[in-house]
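These values consider heavy atoms only, across backbone and side chains, with no hydrogens, waters or symmetry-generated copies. Proteins come first, then strands; the chains are lettered A, B, ... in the order of their sequence lines, and each starts at number 1.
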Protein chains: 2
Amino acid sequence: MTSKTDPVSESLVDMMARDIQAGVFTPGTWLKQIDLEKRYSATRMDVRRALDQLALKRLVRHVPNKGYHVHALDDRQASEIRDVRVILETAAVDSMIDNIRDTDLEDLRKLATRFNDLILTGTILEQYEANIAFHMRLLTLCPNQELVNVVTELRGRGPSAPASQWKTRARVEQSGREHLMMIDALEARDASALRRILTAHIRQTALAESLEVQPSQRKSG
Amino acid sequence: MTSKTDPVSESLVDMMARDIQAGVFTPGTWLKQIDLEKRYSATRMDVRRALDQLALKRLVRHVPNKGYHVHALDDRQASEIRDVRVILETAAVDSMIDNIRDTDLEDLRKLATRFNDLILTGTILEQYEANIAFHMRLLTLCPNQELVNVVTELRGRGPSAPASQWKTRARVEQSGREHLMMIDALEARDASALRRILTAHIRQTALAESLEVQPSQRKSG
DNA sequence: GGTTCAAAAATTGGCGCCAAAATGTTTGCA
DNA sequence: TGCAAACATTTTGGCGCCAATTTTTGAACC
């Protein structure tokens, strides 16, 4: 609305990506251009551009003369993406601990608390966005901006949290607890602990105490 | 190549990306749509779509009402991208060694030899493509397809090898030697050595013998 | 001779229309 | 009543034109 082509199109891509991530469009849904231009009040051309960009990002798939549909990742892909995230985010831990300051910890506590509050009072979408906010704040402690970009893209490409990961209330609450554990590990400058928690958090697996610290990705499938 | 729009557009993106990587369009060059549609004999619309996709990939930058120009990465970004590649490719080493077979080693030797031959007889573009072929063959030993995708994308986003990395003949020859060293390390199942060579190869730094084995990314800037 | 302003050429970018393809529906026939 | 074929509607996708903006060229003036 403000300027001409790029910010509009870019935010349209972001909006659509967020809606897909948040589960507004479930995997397999055919995205009809007419519906999209009404929903986002955008022009046909902008919708098509956004669709193309999302196809490049692998969020949707394009079938010529048929349309675009939301791409459902199979388990193998989802698992592989999680493994890549684990590699990158655990590799970022050292630099995060090197660079963290007290204000960062305060911010993170606020964001983690906000997420926990929204488990009770908020909508799924609010929870989703609060979760993203926490993780972005955490990740940007890493000075490597490109690493942050790659992880952000991977998170967007992975299966949407509300749809597939937060299946139960208990699982969401567990995520909230893990956020706080991460902050504690950060405050204690305990890189090993942070890596362990992050790995379990991303993989959505139970924290195994006997697990090795280093997150070797070994067999990925 | 069979159906209508997508493969055409996709290959156009690939062609333009390769030309940018190979240094046909130097950083800063304004990509005029008319020239592009003549060079690739594509329609105006396909050119614009490809340009948009390349902008999303950060290979070109878009200035509204002015056009698209080849994006020159600053040193910090280039260094950060290299660091991310080091993290991912060294993390892949274990699974590569787990999965390697004799035919893989043979293929790699052929590709490495081909690269070395082309140092003398081939054009820059041939060298560039032979190098890519070797690295892709090596990387796809890793069973994590998504990791391969991310690294491939990162390689395409980084500074083009002919333009900025292979400044001297000596440097190219050193790269060729390092390829062979990687194969030797693979054959010996020596993960540490392979990680060390890979790190130096990606960062284009001299192999420091006293360097620690584990490639901590620490300070990235 | 240099600078500034204006007109012209070139380039980008948006919008709409229409054809091709696919889907859904109705109708006719066995 | 069930199936199939033709028709109608919907949707995608390509093409072209023209407006808006920028760059370049040229000329006049200081």
Side-chain angles (χ1 to χ4, degrees), chain A residues 1-20 23-72, chain B residues 1-20 23-72:
Chain A
M1 283 292 182
T2 52
S3 59
K4 297 294 166 59
T5 75
D6 228 16
V8 170
S9 181
E10 195 181 341
S11 68
L12 182 58
V13 172
D14 289 344
M15 276 191 291
M16 289 177 60
R18 182 151 47 226
D19 282 345
I20 291 172
V24 176
F25 303 114
T26 55
T29 309
W30 288 95
L31 299 171
K32 285 188 270 188
Q33 296 179 4
I34 287 189
D35 295 342
L36 296 177
E37 62 184 299
K38 275 188 291 188
R39 164 179 262 269
Y40 301 102
S41 58
T43 70
R44 169 69 63 103
M45 190 184 147
D46 283 333
V47 168
R48 272 166 61 176
R49 272 156 84 123
L51 247 13
D52 267 346
Q53 315 250 312
L54 292 173
L56 197 73
K57 285 189 173 188
R58 315 271 183 85
L59 263 104
V60 304
R61 256 191 141 61
H62 178 52
V63 181
N65 289 330
K66 185 109 191 299
Y68 298 80
H69 64 92
V70 180
H71 180 50
Chain B
M1 49 198 85
T2 51
S3 63
K4 301 291 172 57
T5 74
D6 228 17
V8 171
S9 182
E10 195 180 339
S11 68
L12 182 58
V13 171
D14 289 343
M15 277 192 289
M16 290 177 58
R18 184 151 46 226
D19 282 345
I20 291 172
V24 176
F25 303 115
T26 55
T29 308
W30 287 97
L31 299 172
K32 284 190 273 188
Q33 298 179 4
I34 288 186
D35 296 343
L36 296 177
E37 60 183 301
K38 275 189 291 189
R39 164 178 262 269
Y40 301 102
S41 57
T43 69
R44 170 68 64 101
M45 191 185 147
D46 283 333
V47 168
R48 271 165 63 173
R49 272 156 83 125
L51 247 12
D52 268 345
Q53 313 248 316
L54 291 173
L56 196 73
K57 283 188 174 187
R58 313 273 183 86
L59 263 102
V60 304
R61 258 192 138 61
H62 178 54
V63 181
N65 289 330
K66 186 113 190 301
Y68 299 79
H69 64 91
V70 180
H71 180 49

Study note, to complete from the structure: B/R39 meets the salt bridge (charged side-chain N to carboxylate O under 4.0 Å, His left out) criterion, sequence neighbours left out, with B/D19
**Study point:** Non-neighbouring partners of A/R18 that pass salt bridge (charged side-chain N to carboxylate O under 4.0 Å, His left out), sequence neighbours left out
**Key:** A/E129
Study note, to complete from the structure: Contacts of A/K32 meeting side-chain contact (heavy atoms from CB on, under 4.5 Å) (sequence neighbours excluded), chain-then-number -> A/D35
Gap between atoms [atom1] and [atom2], on [X] and [N] respectively (whole Å):
X     : N      : atom1 : atom2 : value
B/R49 : D/dC15 : CZ    : P     : 11 Å
A/K66 : D/dT12 : NZ    : P     : 11 Å
B/M45 : D/dG16 : CE    : P     : 12 Å
A/R44 : D/dG16 : CZ    : P     : 19 Å

**Study point:** Counterpart residues, side chain to side chain donor-acceptor pair (under 3.5 Å), relative to A/R44 (two or more places apart)
**Key:** A/Q33, A/E37
Practice item. Quick one: which residue pairs count as a ring pair (Phe, Tyr, Trp, His ring centres under 6.0 Å) with a foot in residues 32-55 of chain A, not counting sequence neighbours? Key: none
Practice item. Return no unless some side-chain N or O of A/H62 is found under 4.0 Å from OP1 or OP2 of D/dT12. Key: no
Check your understanding: By a strict heavy-atom criterion of less than 4.0 Å, which residues belonging to residues 24-37 of chain A are in contact with DNA chain C?
Key -> none
Check your understanding: Of the nucleotides C/dG13, C/dC15, C/dA22, which one has an atom closest to the side chain of A/N65?
Key -> C/dA22
Practice item. Please name the pair of heavy atoms, one in A/Y68 and one in A/A55, separated by the smallest distance, quoted to 0.1 Å. Key: CE2-CB, 4.5 Å
